[in-house]
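For reference, the structure is listed below as structure tokens.
FYI, side chains are in, hydrogens and waters are out, and symmetry mates aren't considered; it's all heavy atoms of this structure. Chain letters run A, B, ... following the sequence lines, proteins first and then strands; every chain starts at 1. This one's a predicted model, so the numbers in the text were calculated from it and none came from an experiment.
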Amino acid sequence: MDFRKFRKRSPWILHYNTGSCNGCDIEILACLAPKYDVERFGILNRGNPKQSDILLVTGPVTKRAKERLLRLYFEMPEPKVVVAVGACACSGGVFRHMYNVENGVDKVIPVDVYVPGCAARPEAIIDGIVRALEILKEKGKEVELPHWCSAQVKPPVNRVKLLDRCLEELHGRR
Amino acid sequence: MGKRITVPFGSQHVALPEPVRFVFQTENEKIVDVEVDVGYVHRGIEKACATKFKYMQVGYVVARVCGLCAISHTLGYVTALERLMGVEVPKRALYLRLLVSELDRIHSHLLAMGHTAEVAGYENLFMQTFRHRELVMEMLELLTGNRVQFDFACPGGVNRDLTPEVEKVLREKLKVLEEKALWLRDVYENDFSLTLRWKGTGVVTEEMAKEMNVVGPPARAAGLKTDVRAEFDYLPFKEVGYRMVVLKGGSIYERNLVRALEVLNSIEMCWNILDGLPEGDIKVPVKGLPEGEMFVRIEAPRGELFYYIRGSKKLILDRVRIRVPTFANIPVMKELFVGMDYADVPATVISFDPCLSCTAR
């Protein structure tokens with residue numbers, strides 16, 4: 001059976017705040033609430049990475065949230081899509097080049113959809129999520145690695161070892 | 001007793017909207033020790049304000065400290081700057097600032113109440129609260145042009161005037177909101193299962209509140225008469241019918257009830273502002289360079305917000321110091337947790353309405 005057809009019917013969301021001002025986070029919450037209601041796309045917000053398909057990241061990724069973000073990314077099963085919500089998640093925004101930030105989510109993990117705006121409007125977030133669903137439909141089971149990671153992956157993938165390898169490289173980079 | 005078990009809570013957790021980390025040491029269900037870590041979202045805004053941005057830009061940067069109380073942060077900074085440079089702000093601008101700050105308080109309080117209902121397992125009430133909160137967001141969007149980051153106040157006044165068409169819509173929406181807020185107050189006060197869950201859980205006594213320097217709605221719920229709106233004169237609150245809401249008890253139930261009552265008071269203040277809005281300019285030019293130091297206290301939705309700025313006749317300020325309400329509330333949270341059941345923790349944390357991006361900056 002082709003699961004691709006059904007995959008986009010009930011994607012679950014994992015939301016992580018990597019140092020944003022909470023503005024985008026409350027807009028994501030507003031998306032889940034009655035007026036904008038993303039549940040009509042079968043979307044539920046679950047705080048569990050192991051059950052989620054879409055990772056919504058807000059914030060410019062602080063130095064401490066970096067490792068957590070990578071961990072969450074590797075805990076999510078394939079296929080998965082990453083949506084960077086807000087100006088600071090896309091490029092760093094107003095926090096760009098402050099001493100404790102990484103200037104955007106794509107410096108740490110691969111990003112599929114960028115949602116601009118400070119704070120991103122709920123309509124824009126919904127648009128981003130719907131685009132992410134299209135990408136989710138096309139994606140396969142291959143493991144995606146961050147652009148800075150030089151590890152080679154062959155199936156079957158040992159996630160624990162892969163995460164260790166990536167973390168080592170991340171800390172080496174620092 | 002059984003042996004100790006370590007339970008991590010955060011930085012990413014189902015019940016938490018924000019990255020704070022608690023590490024609980026538990027014996028059976030009881031918590032015996034707790035460690036708090038708030039530094040996950042530290043970005044270095046204070047440093048950037050004193051090195052990278054000019055003094056006229058800092059207001060827009062500090063708004064990004066927190067999206068929930070964005071107007072409070074801008075207000076704190078611009079008030080301090082205006083007092084330092086001796087700028088006389090037009091009356092109309094002050095009232096418009098007051099209007100936005102009260103609307104902001106309403107949406108923040110409704111958010112906190114909705115969250116508490118959600119972690120108590122009452123998802124329906126969470127959705128209802130958020131539904132009514134959208135009314136406030138629409139009003140803020142009409143008034144300021146953006147839903148969350150308003151950038152409304154600027155040194156010398158406000159950036160956008162209130163037009164008669166907008167005022168008309170605001171009045172209509174405010175009327176609906178008042179009805180809904182009354183209904184919400186009723187539910188949060190009288191709902192049987194919520195009362196059962198919240199009354200007597202996470203109690204902050206008055207002595208505790210005084211000793212640990214609790215601020216904002218948690219302090220007023222404990223019976224402590226503290227509100228910067230009454231103590232520090234930064235906006236004309238007394239003229240628009242401000243009343244302090246103080247309750248006895250100090251549990252999660254009272255904290256939410258204080259918020260519900262403050263929402264009603266804020267709506268009343270909004271009515272008064274719309275009725276008696278003075279005519280005139282909304283902005284005066286700010287000239288010169290800041291010299292000297294100044295501090296300002298602001299009542300943000302979560303409690304006392306403190307701003308300190310120092311300049312020495314340069315375009316870039318020497319120091320901007322921000323002390324936020326959640327930072328003051330964390331010691332009492334830590335004290336509360338010891339001896340509490342682990343099952344009560346999410347509700348207690350959320351009922352303090354912690355804002356971590358404020359705390360870590």
Between B:M137, B:R147, B:K47, B:H107, which shows the greatest number of heavy-atom pairs under 4.5 Å with chain A? B:R147
Counting heavy-atom pairs under 4.5 Å with chain A, the top scorer among B:A63, B:C355, B:G67 is B:G67
Taking every non-hydrogen atom, the tightest pair across B:V41 and A:T62: C-CG2, 3.8 Å
So, A:N100 side chain and B:H42 main chain: donor-acceptor pair closer than 3.5 Å or not? yes
Heavy-atom count check: over 12 atoms from other residues, nucleotides or ligands less than 6.0 Å from B:F306 CZ? yes
Heavy-atom closest pair (A:M98 atom, B:R43 atom, distance to 0.1 Å) is CB-O, 3.5 Å
Would you say that more than 12 heavy atoms from the other residues, nucleotides or ligands in this model lie under 6.0 Å from the CD of B:E35, or not? no
Could you name the residues of residues 122-132 of chain B that have a heavy atom within less than 4.5 Å of a heavy atom in chain A? B:F126, B:M127, B:F130, B:R131
With distance as the sole test, does B:N146 use its side chain to make a donor-acceptor pair with the main-chain N or O of A:C118 at under 3.5 Å? yes
Pick one of side chain, backbone, both or neither for A:L32, based on which atoms fall under 4.5 Å of a heavy atom in chain B. backbone
Bottom line for B:E138: the part with an atom under 4.5 Å from chain A's heavy atoms is side chain
Who among A:P49, A:G19, A:A30 has the most heavy-atom pairs with chain B under 4.5 Å? A:G19
Counting only heavy atoms not in B:K180 (residues, nucleotides, ligands), do more than 12 fall under 6.0 Å from its NZ? no
Quick check for you: to the nearest 0.5 Å, what is the distance between B:C66 atom SG and A:I26 atom CD1? 8.0 Å
Would you mind reporting whether A:V94 and B:Q149 have side-chain heavy atoms less than 4.5 Å apart? no
Atom NZ of B:K175: over 12 foreign heavy atoms under 6.0 Å: no
Are there over 12 heavy-atom neighbours, none belonging to A:R131, within less than 6.0 Å of that residue's CZ? no
